[in-house]
Amino acid sequence: MKKMFLPLLVFLATFATFGQTKIDEIITINFPCKTEKKESNINNINILTYSGTDQEDIYTLQRIIIDSIKNDYNNLPSDLESLKKFYSGVNKGFTKGMTKAGYKLKESKDFQIDNYNGLQTNYISNESKLKVIECRFILLDEYLYSIMYVNATEFSELKKNNFLNSITINKAKKPSQYIGNSTEYNLGYVFGQFTVYAVFVLGIAFLIKYLRKKKTSTI
């Protein structure tokens with residue numbers, strides 16, 4: 001396996017958007033607030049991030065490219081069994097990072113949208129014992145998407161549902177969840193445990209601090 005180095009975060013571009021947002025040719029989602037778009041790179045992994053705040057609510061969508069050609073450990077699932085193993089790795093790696101950040105996994109479960117399978121997780125604060133984060137992961141073609149709602153003081157199920165349920169998949173593009181090498185189940189699992197942990201958790205931790213600092217500076 002390739003050695004992991006300390007993540008290098010590089011912002012390449014920043015734009016603003018609002019409302020119904022076309023992320024790419026596959027995904028569209030509705031943001032209820034003004035949102036910033038950033039393209040960045042961590043450990044040579046390309047990351048596209050949309051993020052915004054409305055009072056204490058934080059809304060984010062991140063997309064990373066899983067290049068199964070350039071990286072021998074980034075093999076993609078080939079069937080439902082390997083997809084579940086991939087999500088299991090994502091869950092373990094992401095939860096490991098959330099635990100270090102002061103959050104505890106409350107629940108994880110499968111979800112479906114237009115017959116595509118995804119993973120849903122939510123976390124509580126170690127301090128307040130209240131639910132503060134809900135996140136959905138979905139793999140489509142070579143893209144892994146993370147859609148998250150965060151509120152550390154007054155978590156709103158209504159706002160969370162409105163945001164997370166607003167995602168739409170362009171079925172005309174016929175995205176697939178099974179384009180990987182069937183002999184490399186464990187490699188996808190390792191990818192989920194370690195690489196996604198570095199990308200999503202460190203990226204999200206940086207994002208939350210950035211948005212809170214920005215909000216404080218405007219008060």
Side-chain angles (χ1 to χ4, degrees), residues 6-7 9 11 14-19 21 23 27 29-40 42 47-64 87 90-111 113 118-138 144-167 192-193 195-219:
L6 290 177
L9 180 63
F11 289 109
T14 302
F15 305 93
T17 185
F18 180 83
T21 303
I23 305 302
I27 291 290
I29 193 168
N30 186 44
F31 280 92
C33 57
K34 184 178 179 180
T35 308
E36 291 186 347
K37 172 187 175 183
K38 291 184 173 65
E39 296 181 50
S40 53
I42 299 178
I47 310 165
L48 174 65
T49 302
Y50 285 82
S51 59
T53 59
D54 183 11
Q55 300 299 319
E56 298 298 324
D57 301 306
I58 299 176
Y59 303 89
T60 74
L61 183 148
Q62 287 186 308
R63 185 200 73 182
I64 67 172
Y87 283 142
V90 171
N91 190 17
K92 288 190 175 183
F94 190 75
T95 297
K96 180 179 179 181
M98 288 290 99
T99 299
K100 290 185 177 181
Y103 304 103
K104 180 180 179 181
L105 178 66
K106 180 182 179 182
E107 180 186 33
S108 65
K109 63 182 181 180
D110 299 334
F111 78 93
I113 176 172
L119 171 70
Q120 177 175 303
T121 63
N122 59 70
Y123 296 83
I124 61 174
S125 167
N126 285 337
E127 294 182 359
S128 67
K129 308 302 180 183
L130 298 175
K131 182 178 177 180
V132 295
I133 299 171
E134 183 153 315
C135 182
R136 291 181 183 175
F137 295 96
I138 188 162
L144 178 62
Y145 301 87
S146 166
I147 308 98
M148 180 180 298
Y149 168 78
V150 181
N151 189 309
T153 57
E154 191 175 350
F155 193 94
S156 170
E157 291 291 335
L158 177 61
K159 292 179 181 179
K160 178 263 296 183
N161 288 333
N162 287 341
F163 177 57
L164 298 184
N165 292 336
S166 71
I167 188 170
Q193 282 190 294
T195 307
V196 173
Y197 155 64
V199 172
F200 281 123
V201 174
L202 294 180
I204 288 167
F206 177 89
L207 178 63
I208 292 175
K209 289 181 181 179
Y210 168 78
L211 292 173
R212 286 178 175 172
K213 182 178 179 181
K214 182 177 179 181
K215 179 181 177 182
T216 301
S217 65
T218 60
I219 296 176

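Worth knowing before you read on, the calculation uses all heavy atoms, side chains too, and leaves out hydrogens, waters and symmetry mates.
Remark: Tyr87 pairs with no residue by the ring pair (Phe, Tyr, Trp, His ring centres under 6.0 Å) rule, at least two apart or across chains. Residues that satisfy the salt bridge (Lys or Arg N to Asp or Glu O under 4.0 Å) test with Lys160, not counting sequence neighbours, are Glu134, Glu157. Annotation: side-chain hydrogen bond (donor to acceptor under 3.5 Å, both in side chains) contacts of Ser156 (sequence neighbours excluded): none. Every residue was checked against the side-chain contact (heavy atoms from CB on, under 4.5 Å) condition with Lys129, not counting sequence neighbours, and none meets it. In this view, Glu154 satisfies the side-chain hydrogen bond (donor to acceptor under 3.5 Å, both in side chains) rule with no residue, not counting sequence neighbours. Residues passing the side-chain hydrogen bond (donor to acceptor under 3.5 Å, both in side chains) test with Asn165 are Arg136, sequence neighbours excluded.
Interatomic distance, NZ of Lys106 versus OG1 of Thr121, reported as 12.5 Å (0.5 Å rounding). In this structure, NZ on Lys34 lies 10.5 Å from OG1 on Thr53, to the nearest 0.5 angstrom. In this structure, the separation between CD1 on Ile124 and CG on Leu105 is 9.0 Å, given to the nearest 0.5 Å. Phe137 contributes atom CZ, which lies 6.0 Å from atom CE of Met148 (distance to the nearest 0.5 angstrom). Annotation: the span from Lys104 atom NZ to Asn126 atom CG amounts to 7.5 Å, rounded to 0.5 Å. From Phe31, atom CZ reaches atom CG of Asn162 across 14.0 Å, with rounding to the nearest 0.5 Å.
The minimum heavy-atom distance between Thr60 and Ser51, with the atom names listed, is CG2-CB, 4.0 Å. The two residues Gln62 and Ile47 come nearest to each other via the heavy atoms NE2-CG2, 4.2 Å.
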Does the side chain to side chain contact (heavy atoms under 4.5 Å, CB included) test come out yes or no for Leu130 and Ser125, once each step is laid out?
CA-CA 6 Å; Leu130 298 175; Ser125 167; 5.8 Å; no
Where do Phe163 and Ile147 land on the side chain to side chain contact (heavy atoms under 4.5 Å, CB included) test, with the steps shown first?
CA-CA 9 Å; Phe163 177 57; Ile147 308 98; 3.6 Å; yes
Apply side chain to side chain contact (heavy atoms under 4.5 Å, CB included) to residues Ile138 and Ile113 and explain how you reach the verdict.
CA-CA 9 Å; Ile138 188 162; Ile113 176 172; 3.6 Å; yes
When you look at Leu61 and Thr21, which way does the side chain to side chain contact (heavy atoms under 4.5 Å, CB included) test go after all the steps?
CA-CA 11 Å; Leu61 183 148; Thr21 303; over 6 Å; no
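A centroid separation of 6.0 Å or more is found between the aromatic rings of Tyr50 and Tyr59.
Ring geometry, Phe155 versus Tyr149: the interplanar angle exceeds 60°, so the pair is classed perpendicular (tilted spans 30 to 60°).
Looking at Tyr123 and Thr95, their side chains do bring a donor and an acceptor atom within 3.5 Å of each other.
Looking at heavy atoms from C-beta onward, Ile133 lies in side-chain contact with Met98 at the 4.5 angstrom threshold.
Side-chain atoms of Thr35 come within 3.5 Å of backbone atoms of Cys33 as a donor-acceptor pair (strictly under, hydrogens ignored).
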